[in-house]
Amino acid sequence: MNSTKLYLKMSYSELNAFISRARTDTIFREQLKTLNPLEIINFASLSGFNFSDEIKGRFINRWKGVYCCPKAIEIGNLCPGLVPKG
């Protein structure tokens, strides 16, 4: 596996771990509900998650252009601050 594919796999494994924690940890999930995209990235980092620049960019841009992605929909449910307006 080349380094780019490994990096992407690691990025998505962090995202999947974040989703898993948000699904199962009520306190963690409740804290996410009121955060904006930058606050979510900071909170995730403080919680031990190491998101790639790609994932951070998707959060900051509120998944614009990829909102049909199943992960984006679940993230939107867990982190309402990431749902695009309109």
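Quick caveat: nothing in here was measured; it's all calculated off a predicted structure.
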Closer than 3.5 angstrom, by distance alone: can the side chain of Asp25 be matched with the main-chain N or O of Arg21 as a donor-acceptor pair? no

Where is the tightest heavy-atom contact between Arg23 and Glu74, given as atom of each residue plus distance? NE-OE2, 2.6 Å

For Pro80 and Asn77, which heavy atoms make the closest approach, and how far apart are they? CD-O, 4.2 Å

Residues Ser47, Gln31; criterion side-chain contact (heavy atoms from CB on, under 4.5 Å); working and verdict: CA-CA 11 Å; Ser47 300; Gln31 290 174 315; over 6 Å; no

Calculate, to the nearest 0.5 Å, the distance between atoms CG and CD1 belonging to Asn50 and Ile55 respectively. 11.5 Å

Can you confirm whether or not the ring centre of Phe43 sits under 6.0 Å from the ring centre of Phe18? no

From Asn36 CG over to Ile60 CD1, what is the distance, rounded to the nearest 0.5 angstrom? 10.0 Å

Decide yes or no for Leu15 and Ile75: does some side-chain heavy atom of the first lie under 4.5 Å from some side-chain heavy atom of the second? yes

For the residue pair Ile40 and Phe51, establish whether any side-chain heavy-atom pair is separated by less than 4.5 Å. no

Which heavy-atom pair separates Glu14 from Gly48 by the least distance, and what is that distance? OE1-O, 4.1 Å

What distance separates Ile19 CD1 from Leu78 CG, expressed to the nearest 0.5 Å? 7.0 Å

Over all heavy atoms of both residues, which pair between Pro37 and Gly81 is shortest? Give the atoms and the distance, please. CD-O, 3.6 Å

Keeping to residues at least two apart or across chains, list the salt bridge (Lys or Arg N to Asp or Glu O under 4.0 Å) pairs with something in residues 38-49. none

